[in-house]
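Report on the structure given below.
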Amino acid sequence: MFYDNKQNKYSVNALLGALEGSFKPLEVEVISSEKLGSWLENIEKDTVYIFCVSFFTTQFFEIEALLRKIKSKIENIKIIVGGPHASGDPESAIKIGADIVVVGEGEKLFLDIIDRIISGEDVKGIFKAKGFVNLDEFSPFSLKFKRFGPIEISRGCPYGCYFCQTPRIFGGVMRHRSVEKILDLVKVMNNLNLKDIRFVTPNAFAYGSNTGKDVNLVKIEELLSGIRKVIGKKGRIFFGSFPSEVRPEHVKEETLELVKTYANNDNLVIGAQSGSQRILDLSHRAHTVEDVYKAVELTLKYNLKANVDFIFGLPYEEEKDIEETVRFIEELVKMGAKVHAHTFMPLPGTPFAKFPPGKIEGLYKKVINRLLPKGVIFGNFREQEKIAWDLYKYFSSKEE
């Protein structure tokens, strides 16, 4: 059984794809939160259930309640948990009811654990993935379950931002799915009349780069032009927009030319995070405030909307840093950009894990209230603030 909801659908797609590619003798079902109750009412006592959940830290309380409910209803069950939160804090996943925790990239390790359960082994505990997955060996979606979505084209990040889990889970070396394999996936989707092609990647403009820190224009054009040939003029390519983004220093005339030539997105998502150079440096961002300014200027010049990510309440912020960030936000908005606002949440496994969450107050609250009516700032920053503080208090109380 795979627990499926909106936040985790890409992980479920990838695990289903890995499982169906292995030809294991299993009955596999995907269960949504809406159908969980009716499923629990029809449990077969002689059946062994393996319940699989991938989740983010923001879902911790939801998953805690879910596992408690399942354990109270089913005796003959193994619960396997993975995903960003479990990778960052596997012990907490065990404490809330997981029997098995997968740390890191799940495809290979998950299949091995399933094999061991099928063979009758009593598998329990925390298991860490060894090495990294070759993306060409696994599908990001499932044909059997008709589970399609954005194609994951790259994993890993060489920058190691202190608030981010990506390099801690997927490593500091960027790896790419080959153009050939991506085109094979696009052909499958195109044959099913699925002609909107989106991507999952930490940085779209780093596709094909050996270091992840430079731009490989040849590979990006090979990818985009190849997809365009498959899906034709009626298909749509979204490159550098949700659910992926781009780093500001990689927004150049050349990369924007490729977007305008081959893609259909009318915007770029640009990671800025702060308008204070001091905070960018302390967060290990490895780009400058000026890089963000230039990226927005160029994006708008090419008639693309600039959606710029900021994180409010990052560690070490002082009043001067907040003033610089607010001033920078207002300057970008005057240029024509929109702000995608987030509240800092300390994520397990990151260097900033032990810091308190951010707060939407003072100058941040004022700028949000000023810009919201104009429709130039958006995001789930208030919900993030609430759940971040609830989690911070919960885990702080456990340590006392």
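Excluded from the calculations below are hydrogen atoms, water molecules and symmetry mates; all remaining heavy atoms, backbone and side chain alike, are included.
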Q. Which is it for Arg382 and Gln384 under the side chain to side chain contact (heavy atoms under 4.5 Å, CB included) test, yes or no, and what are the steps along the way?
A. CA-CA 5 Å; Arg382 290 197 178 100; Gln384 290 167 355; over 6 Å; no

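- A salt bridge links Arg370 with Glu330: at least one charged nitrogen is closer than 4.0 Å to a carboxylate oxygen.
- Of the inter-residue distances, the one linking Ile329 atom CD1 with Ile368 atom CD1 reads 8.0 Å to the nearest 0.5 angstrom.
- At least one donor-acceptor pair closer than 3.5 Å links the side chain of Thr255 to the backbone N or O of Lys252.
- A salt bridge does not link Lys35 to Glu41: none of the charged side-chain nitrogens sits closer than 4.0 Å to a carboxylate oxygen.
- Side-chain contact, Glu152 with Tyr10: no donor N or O sits under 3.5 Å from an acceptor N or O.
- Put simply, the side chain of Ser178 never gets that close to the backbone of Asp136: no donor and acceptor are under 3.5 Å apart.
- With a 6.0 Å radius and a threshold of 12 heavy atoms from other residues, nucleotides or ligands, Lys195 has its NZ atom above the threshold.
- A donor atom on one side chain and an acceptor atom on the other are found under 3.5 Å apart for Glu20 and Ser142.
- Using a 3.5 Å distance cut-off with no hydrogens or angles, the side chains of Glu34 and Ser32 do pair a donor with an acceptor.
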Q: Dump the intermediate steps for side chain to side chain contact (heavy atoms under 4.5 Å, CB included) on Leu372 and Phe378, then the final yes or no.
A: CA-CA 7 Å; Leu372 266 178; Phe378 64 99; over 6 Å; no

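- Asn191 places no side-chain N or O within 3.5 Å of a backbone atom of Val188 that could act as its donor or acceptor partner.
- Residue Asp281 qualifies as enclosed at atom CG: its count of foreign heavy atoms under 6.0 Å is above 12.
- Of the N and O atoms on the side chains of Ser209 and Asp214, at least one donor lies less than 3.5 Å from an acceptor on the other residue.
- For Lys305 and Asp266, the salt-bridge test passes: some basic side-chain N is under 4.0 Å from an acidic carboxylate O.
- Rounding to the nearest 0.5 Å places CD of Glu29 at 11.0 Å from CZ of Phe51.
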Q: Dump the intermediate steps for salt bridge (charged side-chain N to carboxylate O under 4.0 Å, His left out) on Asp122 and Arg116, then the final yes or no.
A: CA-CA 8 Å; Asp122 185 20; Arg116 291 167 66 180; over 6 Å; no

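- Ring planes of His284 and Tyr162: parallel class, angle under 30° (limits at 30 and 60°).
- Salt bridge Glu105/Arg155: present, at least one basic N to carboxylate O contact under 4.0 Å.
- Here the side chain of Arg247 pairs a donor or acceptor atom with the backbone of Arg285 at under 3.5 angstrom.
- We find the CG-CG distance between Leu185 and Asn190 to be 12.5 Å, quoted to the nearest 0.5 Å.
- Applying the 6.0 Å contact sphere to CD of Glu323 captures more than 12 heavy atoms from other residues, nucleotides or ligands.
- By the 30° and 60° cut-offs, the orientation of the rings of Tyr207 relative to His176 is perpendicular.
- Atom NZ of Lys338 has 12 or fewer heavy atoms from other residues, nucleotides or ligands within 6.0 Å.
- For Ser72 (side chain) and Lys69 (main-chain N/O), a donor-acceptor pair under 3.5 Å exists by modelled atom type.
- Annotation: Arg278, atom CZ; neighbour count of heavy atoms from other residues, nucleotides and ligands within 6.0 Å is above 12.
- The residue from Asp196, Asn264, Asn265 that alone fulfils the side-chain hydrogen bond (donor to acceptor under 3.5 Å, both in side chains) condition with Arg236 is Asp196.
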**Q.** Candidate pair Lys359 and Phe312, rule side chain to side chain contact (heavy atoms under 4.5 Å, CB included), full reasoning
**A.** CA-CA 7 Å; Lys359 287 184 177 180; Phe312 295 159; over 6 Å; no

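- Leu223 contributes atom CG, which lies 4.0 Å from atom CD1 of Ile227 (distance to the nearest 0.5 angstrom).
- A distance-only check finds a donor-acceptor pair linking the side chain of Arg228 to the backbone of Gly235 [under 3.5 Å].
- We find that Lys213 and Glu249 are not joined by a salt bridge, their nearest charged nitrogen and carboxylate oxygen being 4.0 Å or further apart.
- The backbone N or O of Gly208 lies less than 3.5 Å from a partner atom in the side chain of Asn216, making a donor-acceptor pair.
- Counted by atom type alone, Asn307 and Glu245 present zero donor-acceptor pairs between their side chains at under 3.5 Å.
- At a threshold of 4.0 Å, the pair Arg147-Asp4 counts as salt-bridged, since one of the basic side-chain nitrogens sits closer than that to a carboxylate oxygen.
- Within the cation-pi definition used here (under 6.0 Å to the ring centroid, within 45° of the axis), Lys73 does not qualify as a partner of Trp39.
- Ring geometry for Phe239 against Phe205 counts as tilted: the plane angle lies between 30° and 60°, on a 0 to 90° scale.
- A distance-only check finds a donor-acceptor pair linking the side chain of Ser397 to the backbone of Tyr394 [under 3.5 Å].
- Here the CD atom belonging to Glu44 is positioned 12.0 Å from the CG atom belonging to Asn76, to the nearest 0.5 angstrom.
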Q: Go through Phe355 and Tyr392 one step at a time and tell me if the side chain to side chain contact (heavy atoms under 4.5 Å, CB included) criterion holds.
A: CA-CA 9 Å; Phe355 283 84; Tyr392 183 73; over 6 Å; no

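- Donor-acceptor pairing under 3.5 Å is recorded for the side chains of Glu257 and Tyr302.
- By the 6.0 Å contact criterion, NZ on Lys260 is enclosed, its count of non-hydrogen atoms from other residues, nucleotides or ligands being greater than 12.
- Checked by atom type, the side-chain pair Ser92/His85 shows a donor-acceptor distance below 3.5 Å.
- Looking only at distances, no side-chain donor or acceptor of Asp112 sits under 3.5 Å from a matching main-chain atom of Lys108.
- The main-chain N or O of Phe381 is found under 3.5 Å from a side-chain atom of Thr343 such that the two form a donor-acceptor pair.
- The environment of CD in Glu75 is sparse: at most 12 heavy-atom neighbours from other residues, nucleotides or ligands sit within 6.0 Å.
- Between the side chains of Ser11 and Asn8, no donor-acceptor pair of N or O atoms lies under 3.5 Å.
- Ring pair His340/His342 is tilted by interplanar angle, where 30° to 60° counts as tilted.
- Under the side-chain contact (heavy atoms from CB on, under 4.5 Å) test applied with Met189, the options Leu194, Val230, Ile231 reduce to a single match, Leu194.
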